[in-house]
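What follows is one structure encoded as structure tokens, with my remarks underneath.
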Amino acid sequence: MRWLIAAAAIAWAGQSLASQAKPVGSPADFGYQPIGADEKGIWAQADDIERELKNSKLLVRDEKLTSYLTTVLCREVGADRCKAARIYLVREPIFNAGMYANGMLTIFTGALLRIRNEAQLAAILGHEFGHFEARHGLAGMRSQRSTASWVSWLTVVSIGAGQYQDFGTVFWANHYRFSRDQERDADFRGIQDMGRSGYRTACASQIWAGLRNEADATAIARGARSLKDSPKGLFASHPMDAERMLYLADEATKVGIGNAFDGETEYNSAISHLWPMLIDDQIKLSDFGGSEFLLASLATNGWTGPLLFARGELYRSRGSPIDIQQSAVYYREATAMPDAPALAWRGLGLSLARTGDRPGAKLAINEYLKRNPQAGDKPMLLMIAGETQ
């Protein structure tokens with residue numbers, strides 16, 4: 001059996017080297033066409049996914065915001081390289097982004113809620129572009145295919161020899177280690193581009209610090225142990241957040257920050273119109289602790305009318321008597337702000353109705369309907385207020 005393992009190790013090493021071989025040229029080059037059956041195949045799959053996404057209800061069709069995202073990517077990687085990319089914003093309230101072999105780059109709305117400035121956005125977009133330019137998707141597909149083939153073949157041979165062995169653990173662990181190395185490579189490519197483009201490189205590490213703090217807040221609210229440092233084991237596709245936070249911080253000092261730009265004002269201006277949707281989607285995840293943390297982190301420069309309204313919505317959604325009373329407090333604070341959304345009066349009216357304050361509920365609902373006379377739920381609100389249409 002030893003000869004079998006030795007032969008497999010030699011063959012695996014050769015196969016791994018072959019699977020990592022890169023076609024000629026860069027996929028970011030103007031007019032680039034995929035080379036070889038594997039790359040053509042993975043491009044065709046990405047083209048199919050892109051066609052489906054264009055017709056998806058989850059696609060956020062916001063030309064101005066998409067243009068801003070593209071501008072940030074072009075600053076990050078350069079005007080010539082970024083021409084190969086097409087950015088799509090997908091309505092999913094989780095932190096994620098991805099780039100496909102054909103140049104399609106997707107970013108989830110949940111990522112926008114957790115990003116605090118343009119430099120952090122550039123770090124994420126630059127990371128995904130690094131995957132694209134290094135053809136990590138192609139290499140990963142070949143590694144996965146090769147791993148499955150070798151595990152199947154060696155299992156059959158070992159059974160035939162009457163000496164069954166579990167080759168899957170070793171071979172799949174090697175595949176996922178390769179995946180983690182790809183993630184690190186994309187991180188380093190992204191932060192190098194940040195340094196060249198003038199973005200504050202320290203912001204890349206801060207993304208992962210924020211996600212770790214959010215994980216703590218989620219756990220505390222649920223009375224559970226935080227999983228932020230729980231080892232993901234041999235089959236983790238990404239490095240742990242703590243590792244990424246540390247090596248990106250270290251790399252930032254090596255790259256240097258110079259005359260760095262973080263673009264907090266520019267970023268907030270670009271996405272502020274989406275905040276109601278982003279926060280509403282987040283609240284619907286029923287993650288009270290994480291949502292409260294995100295709202296507080298957005299309010300580091302002070303609570304605004306929209307943020308106080310969102311906090312009222314969060315507490316009202318949890319629904320306990322104490323939460324309903326607290327939600328009314330936040331709605332009242334929101335209505336006192338010059339930038340209060342009309343929905344703050346609606347929320348106040350609904351909360352006061354739940355606490356039994358009918359006169360207060362009537363006043364708040366009437367004020368909301370005065371500000372939004374075409375409200376779709378007007379009949380229901382008038383019934384709560386004790387009036388008829």
Side-chain angles (χ1 to χ4, degrees), residues 60 62 65 91-94 109-110 112-114 116 214 217-218 220-222 268-269 271-389:
V60 179
D62 187 325
L65 180 55
R91 188 173 181 179
E92 288 284 358
I94 59 175
T109 51
L112 297 187
L113 185 61
R114 290 158 174 82
R116 293 293 166 263
E214 182 183 345
T218 295
I220 291 171
R222 292 175 177 172
N268 289 337
S269 176
I271 74 157
S272 60
H273 67 287
L274 275 190
W275 273 344
M277 181 190 79
L278 300 179
I279 293 171
D280 184 56
D281 287 350
Q282 172 64 30
I283 291 173
K284 289 176 181 176
L285 292 177
S286 298
D287 177 7
F288 183 87
S291 300
E292 175 79 333
F293 167 80
L294 289 170
L295 289 175
S297 64
L298 287 168
T300 52
N301 295 323
W303 287 91
T304 64
L307 288 176
L308 285 166
F309 159 70
R311 203 175 192 188
E313 292 283 281
L314 175 62
Y315 276 77
R316 186 166 65 88
S317 70
R318 195 160 64 166
S320 74
I322 293 177
D323 287 325
I324 296 298
Q325 292 176 2
Q326 189 61 52
S327 71
V329 173
Y330 293 135
Y331 286 131
R332 285 193 187 279
E333 292 178 355
T335 60
M337 294 287 186
D339 58 348
L343 285 168
W345 280 270
R346 177 185 182 277
L348 178 59
L350 293 176
S351 290
L352 292 177
R354 289 278 299 275
T355 63
D357 183 356
R358 293 293 177 179
K362 180 178 179 179
L363 287 174
I365 288 173
N366 285 338
E367 179 62 27
Y368 167 65
L369 293 176
K370 177 181 177 182
R371 293 167 180 264
N372 186 20
Q374 303 303 318
D377 56 354
K378 184 176 181 178
M380 182 271 288
L381 293 173
L382 287 172
M383 182 179 66
I384 292 176
E387 297 185 3
T388 58
Q389 194 165 7

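Side chains included, hydrogens not; waters and symmetry mates left out as well; all remaining heavy atoms used. From a predicted model like this one, the values you see are computed outputs, not experimental measurements.
In this structure, Glu214 and Gly290 approach most closely via the heavy-atom pair CG-CA, 4.1 Å. Residues His273 and Asp62 share a closest heavy-atom pair of NE2-OD2, 2.6 Å. Listed here is the closest heavy atom pair of Ala361 and Gly349: CB-O, 3.3 Å. Shortest non-hydrogen contact noted between Glu313 and Ile283 is CB-CD1, 3.8 Å. Counting all heavy atoms, side chain and backbone alike, Ile279 lies closest to Ala310 at CG2-CB, 3.3 Å. Closest non-hydrogen pair, Val60 versus Met277, comes out as CG2-CE, 4.4 Å.
Side-chain atoms of Ser291 do not come within 3.5 Å of backbone N or O of Phe288 as any donor-acceptor pair. Tyr315 places no side-chain N or O within 3.5 Å of a backbone atom of Ser320 that could act as its donor or acceptor partner. Using a distance-only test at 3.5 Å, with no hydrogens or angles considered, no donor-acceptor pair links the side chain of Arg346 to the main chain of Ala342.
Using a 4.5 Å heavy-atom threshold, the side chains of Arg332 and Leu352 count as touching. By the 4.5 Å heavy-atom criterion applied to side chains, Leu113 and Ile271 are not counted as neighbours. Inter-residue side-chain proximity for Asn366 and Lys370 is flagged as unmet; no heavy-atom pair is nearer than 4.5 Å. For the pair Trp345 and Leu369, the minimum side-chain heavy-atom distance is 4.5 Å or more. With contacts defined as side-chain heavy-atom distances shorter than 4.5 Å, the pair Asp339/Phe309 does not qualify. Side-chain contact between Leu350 and Leu381 is present, with heavy atoms from C-beta onward closer than 4.5 Å. At least one side-chain heavy atom of Pro359 sits under 4.5 Å from a side-chain heavy atom of Asp357. Considering only heavy atoms from C-beta on, Arg222 comes within 4.5 Å of Asp287 through its side chain.
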Please lay out, stage by stage, how Glu92 and Asp281 fare under the test side-chain contact (heavy atoms from CB on, under 4.5 Å). CA-CA 8 Å; Glu92 288 284 358; Asp281 287 350; over 6 Å; no

Taking it one step at a time, do Tyr330 and Leu314 satisfy side-chain contact (heavy atoms from CB on, under 4.5 Å)? CA-CA 10 Å; Tyr330 293 135; Leu314 175 62; over 6 Å; no

Begin with the C-alpha distance, continue with both residues' side-chain angles, and end with the deciding distance and a verdict on side-chain contact (heavy atoms from CB on, under 4.5 Å) for Arg316 and Ile324. CA-CA 5 Å; Arg316 186 166 65 88; Ile324 296 298; 3.9 Å; yes

